[in-house]
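First the proteins, then the strands, lettered A, B, ... as listed; each starts at 1. For the numbers below, each heavy atom of this structure counts, side chains included, while hydrogens, waters and symmetry mates do not.
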Amino acid sequence: MKKEFLSLFSGVIFSIGLIISGMINPNIVKGFLDIFGDWNYSLIFVMAGAIGVNVITFHLILKKKPLFSDSFNLPLKTQVDKNLIIGSMMFGAGWGIAGVCPGPAVVNVATFKVQILIFIAAMTIGMYLFKLVENKIS
Amino acid sequence: MELIIMPLIGGVLIGLSSTLMLFGLGKITGISGLYSSILTPSKENTWKYFFLLGLFLGGLVFNFLYPSKFFSYELVDSTWKIILAGLLVGFGTRLANGCTSGHGVCGISRVSIRSIIATITFIVTGVVIVAFEGVM
């Protein structure tokens, strides 16, 4: 239960962070990407705040052991491969079109707006399609 | 100011949340990965579902308390664009094994070359798409 409650609490904190920073607002996100137009640079400060904290804490934490687990469960791949590049381009394209990425999408589901529900349904399908071809690609 | 202070504070909260996940569970907070686990439901994934529930609950409470302050916006005005965007985000994040939280926040903080490259790639692509739409 400890892991579950810690996750729940972390999720709420993450959600609040996304909300008050404006990251759940697709117009603010697209504003950041609108470098050649009406540029909204606030996303830079969101990243600065998050990375600023984590650069210090991750470094310290990774020297020890997790509280409720025997070991760390970190991503294994270290090579930059074509899946990473193509996948990032696809994600970036979708992000640029709607201004929504997974985290804000889940937070926005709480508004029950039809547009958001359509987005997250499509996102889920996209993830499912990847699962179908995963073995052929990876 | 509003482009700096609240974004910074929000970012710090995002950092604290992912710090808590690493410290408590030893996991990276990559939301595309966490969300995709709903496609393969299992008891081991319960902590992931609780995190997603937390995201949702935060939205629920804030949308109830401050709907106009934080939630008054519309998505792009075209259903097919929303569907296309969703498909690209869904497939792309899985192919890249990460998104803005996984690669952008956590990966960069671990000084992962993969995440740095991924983040630059998806931001540049996003910029190109928005610029392209601006010209259309």
(request) For side-chain contact (heavy atoms from CB on, under 4.5 Å), just list the numbers for A:Asn83 and A:Ile137, CA-CA rounded to whole Å, side-chain angles, deciding distance to a tenth of an Å, and then say yes or no. (result) CA-CA 8 Å; A:Asn83 282 354; A:Ile137 297 179; 3.3 Å; yes
(message) Looking only at heavy atoms and a cut-off of under 4.5 Å, which of B:Phe56, B:Phe91, B:Phe70 has the most pairs with chain A?
(response) B:Phe91
(request) Examine whether an atom of A:Pro75 lies under 4.5 Å from a heavy atom of chain B, and if so say whether it belongs to the side chain, the backbone or both; otherwise answer neither. (result) both
(message) Just so I understand: if I count every heavy-atom pair under 4.5 Å between each of A:Ile85, A:Val106, A:Val29, A:Leu62 and chain B, which residue has the most?
(response) A:Val106
(request) Mind listing the closest non-hydrogen atom pair of B:Ala96 and B:Arg114 along with its distance? (result) O-NH2, 3.8 Å
(message) For B:Ile83 and A:Ile125: C-alpha separation, side-chain torsions, deciding distance, then whether side-chain contact (heavy atoms from CB on, under 4.5 Å) applies.
(response) CA-CA 10 Å; B:Ile83 293 172; A:Ile125 291 171; over 6 Å; no
(request) Counting only heavy atoms closer than 4.5 Å, note whether A:Asp70 contacts chain B via side chain, backbone, both or neither. (result) neither
(message) Heavy-atom cut-off 4.5 Å, strictly under: side chain, backbone, both or neither for B:Thr40 against chain A?
(response) side chain
(request) State plainly whether one hydrophobic cluster holds both B:Ile113 and B:Val111, where clusters connect Ile, Leu, Val, Met, Phe, Trp and Tyr through side-chain heavy atoms under 4.5 angstrom apart. (result) no
(request) Select one option (side chain, backbone, both, neither) describing which atoms of A:Lys30 are under 4.5 Å from chain B's heavy atoms. (result) both
(message) Can you tell me which portion of B:Glu74 sits under 4.5 Å from chain A's heavy atoms? Options are side chain, backbone, both or neither.
(response) both
(message) Taking every non-hydrogen pair under 4.5 Å, which of B:Gly134, B:Gly126, B:Ser18 racks up the most with chain A?
(response) B:Gly126
(request) Examine whether an atom of A:Ile120 lies under 4.5 Å from a heavy atom of chain B, and if so say whether it belongs to the side chain, the backbone or both; otherwise answer neither. (result) both
(message) Quick check on A:Lys77 against chain B: is it the side chain, the backbone, both or neither that has a heavy atom closer than 4.5 Å?
(response) both
(message) Between A:Ile56, A:Asp81, A:Asn108, who has the most heavy-atom pairs with chain B when the cutoff is under 4.5 Å?
(response) A:Asn108
(request) Step through the shown structure and confirm whether more than 12 heavy atoms of other residues, nucleotides or ligands are within 6.0 Å of NZ on A:Lys2. (result) no
(request) Would you confirm whether B:Ser17, through its side chain, and A:Ile13, through its main-chain N or O, come within 3.5 Å as a donor-acceptor pair? (result) no
(request) Examine whether an atom of A:Ile61 lies under 4.5 Å from a heavy atom of chain B, and if so say whether it belongs to the side chain, the backbone or both; otherwise answer neither. (result) side chain
(message) Below 4.5 Å, heavy-atom pairs only: which of B:Phe64, B:Tyr73, B:Tyr66 has the largest tally toward chain A?
(response) B:Tyr73
(message) Please classify the contact between A:Leu43 and chain B as side chain, backbone, both or neither, with a heavy-atom cut-off of under 4.5 Å.
(response) neither
(message) Given 3.5 Å as the limit, does a donor-acceptor pair link the side chain of B:Arg94 with the main chain of A:Phe130, or not?
(response) no
(request) Below 4.5 Å from any heavy atom of chain A, which atoms of B:Leu3 appear? Answer side chain, backbone, both or neither. (result) both
(request) Select, from A:Ser88, A:Ala48, A:Ala105, the one with the greatest count of heavy-atom pairs under 4.5 Å involving chain B. (result) A:Ser88
(request) Select one option (side chain, backbone, both, neither) describing which atoms of A:Leu84 are under 4.5 Å from chain B's heavy atoms. (result) both
(request) Measure B:Leu75 against the heavy atoms of chain A and call it side chain, backbone, both or neither at under 4.5 Å. (result) both
(request) Select one option (side chain, backbone, both, neither) describing which atoms of A:Asn73 are under 4.5 Å from chain B's heavy atoms. (result) both
(request) Spell out, yes or no, whether B:Trp80 and A:Ile97 are grouped together once hydrophobic residues are joined by side-chain heavy atoms under 4.5 Å, including indirect joins. (result) yes
(request) Would you kindly confirm whether B:Val135 and B:Phe132 end up in one hydrophobic cluster when ILVMFWY residues are joined by side chain heavy atoms under 4.5 Å apart? (result) no
(message) Between A:Glu134 and chain B, with a heavy-atom cut-off of 4.5 Å, which part of the residue counts as in contact: side chain, backbone, both or neither?
(response) neither
(message) At a 4.5 Å cut-off on heavy atoms, which part of A:Val100 comes close to chain B: side chain, backbone, both, or neither?
(response) both
(request) Could you check if a side-chain atom of B:Ser32 sits within less than 4.5 angstrom of a side-chain atom of A:Met127, using non-hydrogen atoms only? (result) yes
(request) Output the option from A:Asn27, A:Ile118, A:Thr111, A:Ile44 having the highest count of non-hydrogen pairs under 4.5 Å with chain B. (result) A:Thr111
(request) Side chain from CB out, backbone as N, CA, C, O: work out which of these in B:Ile14 comes under 4.5 Å of a heavy atom of chain A, or both, or neither. (result) both
(request) Assess whether atom CZ of A:Phe58 is packed by more than 12 heavy atoms of other residues, nucleotides or ligands within 6.0 Å. (result) yes
(message) Can you tell me which of A:Val114, A:Val80, A:Val46, A:Leu6 forms the most heavy-atom pairs within a distance under 4.5 Å of chain B?
(response) A:Val46
(request) Give a yes or no on whether a salt bridge exists between A:Glu4 and B:Lys48, defined as a side-chain N under 4.0 angstrom from a carboxylate O. (result) no
(request) Examine B:Phe51 together with A:Phe14 and report whether their ring centres are nearer than 6.0 Å. (result) yes
(request) Going by the side chain to side chain contact (heavy atoms under 4.5 Å, CB included) test, name the single residue among A:Asp34, A:Ile35, A:Asn40 that passes it with A:Asp38. (result) A:Asp34
(request) Please look at B:Leu8 and chain A and tell me whether the side chain, the backbone, both or neither of the residue comes under 4.5 angstrom of a heavy atom of that chain. (result) both
(message) I'd like to know which of B:Ser78, B:Gly15, B:Gly107, B:Ser36 tops the heavy-atom pair count under 4.5 Å against chain A.
(response) B:Gly15
(message) Please check this pair: side chain of A:Ser21 against backbone of A:Gly17, looking for a donor-acceptor N/O pair closer than 3.5 Å.
(response) yes
(request) Using heavy atoms and a sub-4.5 Å threshold, report which of residues 97-105 of chain B line up against chain A, by residue number. (result) B:Cys99, B:Thr100, B:Ser101, B:His103, B:Gly104, B:Val105
(message) Taking B:Pro41's backbone N and O only, do any of them form a donor-acceptor pair with B:Asn45's side chain (distance below 3.5 Å, no angle check)?
(response) no
(request) If the plane angle is over 60° it's perpendicular, under 30° parallel, otherwise tilted; pick one for A:Trp95 and A:Phe91. (result) parallel
(request) Supply the atom-to-atom distance B:Leu55 CG to B:Leu60 CG, rounded to the nearest 0.5 angstrom. (result) 12.5 Å
(message) Side chains of B:Tyr49 and A:Ser7 only: does a donor on one sit below 3.5 Å from an acceptor on the other?
(response) no
(message) What part of A:Met47 gets within 4.5 angstrom of chain B, counting heavy atoms only: side chain, backbone, both, or neither?
(response) side chain
(message) Counting heavy-atom pairs closer than 4.5 Å to chain A, which one of B:Val89, B:Thr121, B:Asn63, B:Ile120 comes out on top?
(response) B:Val89
(request) Among the options B:Ala131, B:Ser115, B:Gly59, B:Ser109, pick out the one with the most heavy-atom pairs lying under 4.5 Å from chain A. (result) B:Ser109
(message) Which atoms of A:Phe36 are under 4.5 Å from chain B, going by heavy atoms: the side chain, the backbone, both sets, or neither?
(response) side chain
(request) Take atom CZ of A:Phe5 as the centre, draw a 6.0 Å sphere, and report whether it contains more than 12 heavy atoms from other residues, nucleotides or ligands. (result) no
(request) Hey, could you give me the OG1/NZ distance between B:Thr46 and B:Lys43, rounded to the nearest 0.5 Å? (result) 7.0 Å
(message) At a 4.5 Å cut-off on heavy atoms, which part of B:Phe71 comes close to chain A: side chain, backbone, both, or neither?
(response) both
(request) Measure from the side-chain N and O atoms of A:Trp39 to the backbone N and O of A:Phe32, and report whether any donor-acceptor pair falls under 3.5 Å. (result) yes
(request) Let me know if A:Thr78 has heavy atoms under 4.5 Å from chain B in its side chain, its backbone, both or neither. (result) backbone
(message) For chain B, which candidate among A:Met89, A:Lys131, A:Met23 shows the most heavy-atom pairs at distances under 4.5 Å?
(response) A:Met89
